[in-house]
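Data first, discussion second: the structure below is written as structure tokens.
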Amino acid sequence: MSYELQMEKYSGPLEKLLELIEERKLQISEISLAQVTDDFLRYLAKLKKEGELQTGRVSERELARREGLRILADFVAVASRLILIKSKSLLPELNLTGEEEAEIHDLEYRLKLYQGLRPAMKIVAKLWRDRREEFSRPYFMSISAFAPLKSAPPEGPEGAPARARTLTGFALRGGDDARAALFFPGRNLQAEALAQSLDKLFSSFVALIRESQVLQEEVVSMEAKIREITEVLKRLSKISLRRISEDKSPTEVIVTFLAVLHLAREQLVLLEQESYLSDIIITPKED
Amino acid sequence: MPQDLEDKLAGLEALLFVHGEPMSFKKIGEALEVKVGEVKELLRELASSLEAKNRGLTLLQDGDKVQFVTKSKFNSVLANFVKNELSEDLTPASLETLAIIAYFGPISRNRIEYQRGVNCSIILRSLMLRGLIERFTDPEHPQSYLYRPTFEFWKHLGLTKPEDMPEHARFREVLTQFETQT
Amino acid sequence: MPQDLEDKLAGLEALLFVHGEPMSFKKIGEALEVKVGEVKELLRELASSLEAKNRGLTLLQDGDKVQFVTKSKFNSVLANFVKNELSEDLTPASLETLAIIAYFGPISRNRIEYQRGVNCSIILRSLMLRGLIERFTDPEHPQSYLYRPTFEFWKHLGLTKPEDMPEHARFREVLTQFETQT
């Protein structure tokens, strides 16, 4: 299976999130989102790993790699909001800005909208498979429907050579029987116009290339931050999550949290919490 | 020029047959030398005569364009004679994107991405390459594009107009409700 | 399969509509799952219904083959229409496609579509009908076609080869970059 297909079977982070919530028979809410956060992050880690494996094998498929990167970035974006929600439930005194509160609501809202519209996707899938396709005729297929009258070129150059590519059919120009190629250049056909048109198209290439680079950078910087904090944590013995979250911007808290969860998953640290909503103590695991 | 109603209907049939591809009302009017209002009337007349059981064709209409297509019930008779580029399966991501465009198009990339929660630039590109959707400049925001399904897409689904999408009104209502809530 | 007479007539109409070339009675019989004798009967029936004044098509029979054609009374309307349509100015999309072929031809439809990001089948057909491009079998891939400008196209521009196009080298370079980086 190609990398592209690998990635494409995941229709997106909202689909996955909804699936996790519905698996537990929960309603969409901040509480249920906090509950499925770990599952979602675990899934993201798996996705990332598969992606890396596949990328190594088909590195020449740059487009496919980028598609994977994009999907990953989308998952990471949703993951960061989930972590925000989770952080809020674990660190109640964490002061969220209005913007962050809005982000949490936005995720809830989107998920509900997605749930409402999901049946539409099932309908399209069914119609697509039902094989009810209608057929049409190609553009100007029946120009060749009548007596084979050949027409002279209405505005072509003088003495255009005879070619096999003639247009038979109802006479485009009276009963002229001369065999000649049809040539309809249009008034705006000039080399300069073609160059301009290509120039316009190619400037959109530049945008496309740039867009993919920006995306790549974003994912890379996210990963780098996680790595950096992982290193710091490894060197510390015992530390509270609250302490390492102090004086940090909410984005940094998220990244920290992501790193901690990552370490816990890899079983490099132990997470302890004395009671619900109390501080989380992180202990490096002895080898 | 075609003179009376029956003659014009016959001319319309011949014209759509020759053109093959979706044709705008305006262009039909120019070819038959009638006003756009009359074109619409002629199309209504033609559509109703095509409902007869002994007719194998129907009209596919979207916006101000119309195309002659075979009735979807004859799919099995015709499928062997027509080479088909589109029959491959769609991935979940493609289906999701197509559903949003089919029910809510014309729609901007931003709104599609918002509903799907993912960046859609690659998927939109691949759907355009397959000829299932097309984009055009948003008349209200000349900087951005809107996406809509193509006639190829409607043909594949066997519909004769966008409103034939099952539960079309209900899904649009769901979206409107959501969008007015915020 | 079509069951009663009306249904079979409708199926026959759909079949002849889709099939561009003359179709043998035998082949029609196979598609509709009826005997050749019945095909002839159905064709007689269809021909008589096409005599109605509001029909624009008629049957053209040659031996044991038959096809749909437009009634000859519409010849001049249709010829004018086709001529006007082909003489129109090139649309931006046509110019873009033609530019790619002029600069980078001979080139496959796949590569053209990849560069433009949209399906180009109709535009390619229209450019061929206008005599601006031609296609030929790719010597390396006998299954597919390559497109190049026609002799008349170069003559019209007063040039002879892609390298004569403005800024040819620069565009080639951008293309190489695009094709390796995306």
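Order of the sequence lines sets the chain letters (A, B, ...), proteins ahead of strands, with each chain counted from 1.
When C:L90, C:V174, C:L157 are compared by the number of non-hydrogen pairs under 4.5 Å with chain A, C:L90 comes out ahead. Ranking C:I122, C:L159, C:L175 against chain A, the residue ahead of the rest is C:L175, based on heavy-atom pairs under 4.5 Å. Among C:M165, C:E85, C:E21, C:R116, the residue with the largest count of heavy-atom pairs under 4.5 Å with chain A is C:E85.
In terms of heavy-atom proximity, A:P185 sits nearest to C:L132 at CA-CD2, 3.9 Å. Closest heavy-atom contact between C:L95 and A:S197: C-OG, 3.6 Å. The minimum heavy-atom distance linking C:R125 with A:P138 is given by the pair NE-CB, 4.1 Å. Heavy atoms only, all atoms of each residue included: A:L194 and C:A102 are closest at CD1-CB, 4.5 Å.
Contact annotation: the side chain of C:K155 never approaches that of A:F183 to less than 4.5 Å [non-hydrogen atoms, C-beta and beyond]. In this structure, the side chains of C:S126 and A:Y139 come closer than 4.5 Å at one or more pairs of heavy atoms. Considering only heavy atoms from C-beta on, C:H156 comes within 4.5 Å of A:L189 through its side chain. The closest side-chain heavy-atom distance from C:P166 to A:E192 is below 4.5 Å.
With a 4.5 Å cut-off on non-hydrogen atoms, C:F153 touches chain A through its backbone and its side chain both.
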Original post:
Does the pair C:H19 and A:F135 meet the rule for a side-chain contact (heavy atoms from CB on, under 4.5 Å), with working shown?
Top reply: CA-CA 10 Å; C:H19 203 80; A:F135 298 100; over 6 Å; no

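Within 6.0 Å of NZ in C:K73 there are more than 12 heavy atoms belonging to other residues, nucleotides or ligands. When the shell of 6.0 Å around NZ of C:K26 is examined, it contains 12 or fewer heavy atoms from other residues, nucleotides or ligands. More than 12 heavy atoms of other shown residues, nucleotides or ligands fall within 6.0 angstrom of atom CD in C:E163. Around NZ of C:K65, the count of heavy atoms belonging to other residues, nucleotides or ligands within 6.0 Å does not exceed 12.
Note: A:F184 CZ to C:N84 CG = 9.5 Å, rounded to the nearest 0.5 Å. Taking CG of C:L129 as the reference point, atom CZ of A:F140 lies at 7.5 Å (rounded to 0.5 Å). If you take CD on C:E96 and CG on A:D199, they are separated by 11.5 Å, rounding to the nearest 0.5 Å. One distance of note links CZ of A:R187 with CD of C:E88; it measures 10.0 Å at 0.5 Å rounding. The distance from the CD atom of C:Q115 to the CG atom of A:L201 is 7.0 Å, given to the nearest 0.5 Å. Interatomic distance, CZ of C:F68 versus CZ of A:R137, reported as 9.0 Å (0.5 Å rounding).
Ring geometry for C:F171 versus A:F202: interplanar angle over 60°, hence perpendicular rather than tilted (30 to 60°).
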